[in-house]
Amino acid sequence: VEFGPAPDDPRTTSYISQLHSPDFIPAANLPGAPWFFGGDTHFGRHVADLLSNPAQARRIDSAILDITGGGPLVLNLEGVMIDDPPTFDDPAPRIAMPVSATLDRLRRWNVRAAVLANNHSLDFGPQALESMTAQLRSAGITPLRDGTTADLGKFTLAAATDLQNQPRPRDYLLGPTSFEAWADADQGKPLIAFLHCGREFRAPPTARVHLLAEWAEQAGASVVLGAHPHRPSPRWFLGERSLQFPSLGNLLFDQTNPLNSGGLVELRFFPQGTFAARWIPLGNLYRAAASATRRAAIRPSEIGHSGS
């Protein structure tokens with residue numbers, strides 16, 4: 001159907017094409033229209049310090065753009081954009097991000113949608129969340145709050161969180177009826193669920209995560225992605241009618257544990273309404289850039305001398 005003599009014929013049979021290569025094959029060299037999905041991301045705290053170094057900012061940008069080729073990206077945006085983020089270590093587990101620098105990085109990465117359905121979205125109160133939502137929308141970036149959906153052309157994206165930090169820590173927020181509104185989405189295109197759930201620093205999905213994925217699937221999701229554990233899932237999982245990668249791990253987060261890594265899910269959409277998926281690991285981008293910064297800070301006279 002894609003390459004034969006009658007490309008306009010919508011009839012197709014099931015098939016699988018596999019290509020094995022020792023080198024990464026960019027989506028631009030493959031059929032389909034690619035979209036990319038990343039996990040926990042923020043641009044505040046120590047990440048802001050790192051990105052203030054132009055060389056390390058370019059290093060992080062390249063790690064992502066070498067994979068996406070500038071293609072559209074969806075990510076889980078942790079924290080709140082505010083005009084004057086605190087420069088001290090906040091005793092509360094809150095994440096503030098500078099507005100201008102955050103929007104600049106989102107534009108550089110061609111972020112088309114930012115998922116705000118997570119436990120840090122209310123770190124600075126409802127008014128700050130409303131302001132960030134409006135700022136993202138004004139910048140041409142679709143914000144997805146808890147329980148909302150958005151038509152992104154090739155697919156419908158839906159977001160929900162099972163956790164919150166403010167006004168008090170709570171979990172198990174979602175129930176079987178939490179996904180009913182998704183039924184109004186366009187049934188002629190794939191529905192992709194982006195869930196914030198699971199247990200921090202636990203890569204394998206819990207029984208609760210599997211249950212939420214099942215509810216999302218029953219609401220029509222054909223792909224279920226997730227964030228929060230800060231570590232990527234060990235593999236893909238299959239529901240009865242959905243493909244699932246329960247945790248994308250960290251795309252960019254100020255955690256140095258090498259286990260707290262992440263990557264991108266690439267979905268390539270085909271004209272007949274099908275899609276292909278692959279997981280592309282990126283490792284711990286923050287750790288790699290921070291380590292490079294420390295190595296660059298060592299003076300030549302110090303190399304090989306312990307000083308004792």
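The first residue in the sequence is number 1, and the count goes up from there. Excluded from the calculations below are hydrogen atoms, water molecules and symmetry mates; all remaining heavy atoms, backbone and side chain alike, are included.
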Would a 4.5 Å heavy-atom cut-off, applied to side chains only, mark L238 and L243 as touching? yes
Can you list every pair that meets ring-ring contact (aromatic ring centres under 6.0 Å, His included) and has a residue in residues 64-83, with sequence neighbours left out? none
Taking a hydrophobic cluster as the set of Ile, Leu, Val, Met, Phe, Trp and Tyr residues connected by side-chain heavy atoms closer than 4.5 Å, whether directly or through intermediates, do V115 and I95 fall within one such cluster? no
Gap between atom CD1 of I64 and atom CG of D61 - 0.5 Å precision: 7.0 Å
Quick note, side chain to side chain donor-acceptor pair (under 3.5 Å) partners involving residues 147-161, not counting sequence neighbours, are D151-K189
Could you list all the salt bridge (Lys or Arg N to Asp or Glu O under 4.0 Å) pairs where at least one residue sits in residues 223-244, not counting sequence neighbours? none
Filter on salt bridge (Lys or Arg N to Asp or Glu O under 4.0 Å), then keep only pairs touching residues 254-278, sequence neighbours left out; what's left? R45-D254, E266-R268, E266-R278
Hydrophobic cluster membership, I141 vs L157, 4.5 Å side-chain cutoff: no
Please work out which of the three classes, parallel, tilted or perpendicular, describes the rings of F155 and W35, given edges at 30° and 60°. perpendicular
Using the side chain to side chain donor-acceptor pair (under 3.5 Å) rule, collect all pairs that involve residues 207-217, keeping only residues at least two apart or in two chains. D162-R208, E214-Q218, E217-S242
Does L264 belong to the same Ile/Leu/Val/Met/Phe/Trp/Tyr cluster as I192, with side-chain heavy atoms less than 4.5 Å apart forming each link? no
With no hydrogens and no angle check, is any side-chain donor or acceptor of T274 less than 3.5 Å from a backbone partner on F270? no
Could I get the full list of side chain to side chain contact (heavy atoms under 4.5 Å, CB included) partners for E200, not counting sequence neighbours? H228, H230
Mind checking side-chain hydrogen bond (donor to acceptor under 3.5 Å, both in side chains) for Q135 and listing every partner two or more places apart, or none if nothing turns up? none
Go through W109 and L251 one step at a time and tell me if the side chain to side chain contact (heavy atoms under 4.5 Å, CB included) criterion holds. CA-CA 12 Å; W109 296 358; L251 185 56; 4.1 Å; yes
Give, for atom OH of Y172 and atom CG of L211, the distance between the pair rounded to the nearest 0.5 Å. 9.0 Å
Which pair of heavy atoms, one from A277 and one from L267, lies closest together, and at what distance? CB-CD2, 3.3 Å
Walk me through whether R170 and R168 qualify under side chain to side chain contact (heavy atoms under 4.5 Å, CB included). CA-CA 6 Å; R170 294 177 58 202; R168 60 184 178 84; 3.4 Å; yes
Restricting to side-chain hydrogen bond (donor to acceptor under 3.5 Å, both in side chains), what partner residues turn up for N119, sequence neighbours left out? N165, H196
Does the gap between the ring centers of F201 and F253 come in under 6.0 Å? no
For residues 76-85, tabulate all N or O donor-acceptor pairs below 3.5 Å that involve a side-chain atom, not counting sequence neighbours.
{"from": "N76", "atom 1": "OD1", "to": "N118", "atom 2": "ND2", "distance (Å)": "3.1"}
{"from": "N76", "atom 1": "ND2", "to": "D40", "atom 2": "OD1", "distance (Å)": "2.7"}
{"from": "N76", "atom 1": "ND2", "to": "E78", "atom 2": "OE2", "distance (Å)": "2.9"}

For I60 and L50, what are the C-alpha separation, side-chain angles and deciding distance, and is it a side chain to side chain contact (heavy atoms under 4.5 Å, CB included)? CA-CA 10 Å; I60 291 173; L50 193 67; 3.8 Å; yes
Could you check whether any side-chain heavy atom of P281 comes within less than 4.5 Å of a side-chain heavy atom of P232, counting everything from C-beta outward? no
State, to 0.1 Å, how close V224 and A221 come at their nearest heavy-atom pair, and which atoms those are. CG2-CB, 4.1 Å
Donor-acceptor side-chain pairing of Q255 and N284 below 3.5 angstrom: no
If every non-hydrogen atom of P34 is compared with every non-hydrogen atom of G32, which pair is closest and at what distance? CD-O, 3.5 Å
R145 atom CZ, over 12 foreign heavy atoms within 6.0 Å: yes
Report whether L65 and L51 are members of the same hydrophobic cluster (ILVMFWY, side-chain heavy atoms less than 4.5 Å apart, transitive linking). no
Steps toward ring-ring contact (aromatic ring centres under 6.0 Å, His included) verdict (W182, F194): CA-CA 12 Å; W182 297 4; F194 204 120; over 10 Å; no
Measure across L191 and A158 and return the closest heavy-atom pair with its distance rounded to 0.1 Å. CD1-CB, 4.0 Å
Taking every non-hydrogen atom, the tightest pair across P229 and A227: CD-C, 3.3 Å
Test your reading of the model: is there a side-chain donor-acceptor pair from S131 to the backbone of Q127, 3.5 Å cut-off? no
Are L248 and W236 co-members of a hydrophobic cluster defined by side-chain heavy atoms under 4.5 Å apart? yes
Minimum heavy-atom separation for L75 to G39, with atom names? CB-O, 4.3 Å
Return yes if some donor-acceptor pair links the side-chain N/O of S121 with the main-chain N/O of A117 below 3.5 Å, else return no. no
Going from SG on C197 to CG on L174, what distance comes out if it is rounded to the nearest 0.5 angstrom? 8.0 Å
Would you find a donor on one side and an acceptor on the other, under 3.5 Å apart, between the side chain of S52 and the backbone of D49? yes
Counterpart residues, side-chain hydrogen bond (donor to acceptor under 3.5 Å, both in side chains), relative to R108 (two or more places apart): D104
Any D146 side-chain heavy atom under 4.5 Å of L173 side chain: no
Under the 3.5 angstrom rule, does the side chain of S62 hit a backbone N or O of R59 as a donor-acceptor pair? no
NE2 of H46 to OG1 of T256, rounded to nearest 0.5 Å, is 10.0 Å
So, F36 versus W279, ring centres under 6.0 angstrom or not? no
Return each pair, listed once, that meets salt bridge (Lys or Arg N to Asp or Glu O under 4.0 Å) where at least one residue sits in residues 18-29; pairs must be two or more places apart or across chains. none
side-chain hydrogen bond (donor to acceptor under 3.5 Å, both in side chains) involving N110 - partner list, sequence neighbours excluded: R112
In this structure, OH of Y286 is separated from CG of L252 (nearest 0.5 Å) by 9.0 Å
For the pair F245 and V223, evaluate side chain to side chain contact (heavy atoms under 4.5 Å, CB included) and give the outcome as yes or no after the intermediate values. CA-CA 8 Å; F245 206 88; V223 180; over 6 Å; no
Rounding to 0.5 Å, atoms CG (L225) and CG (L195) come to a distance of 8.5 Å
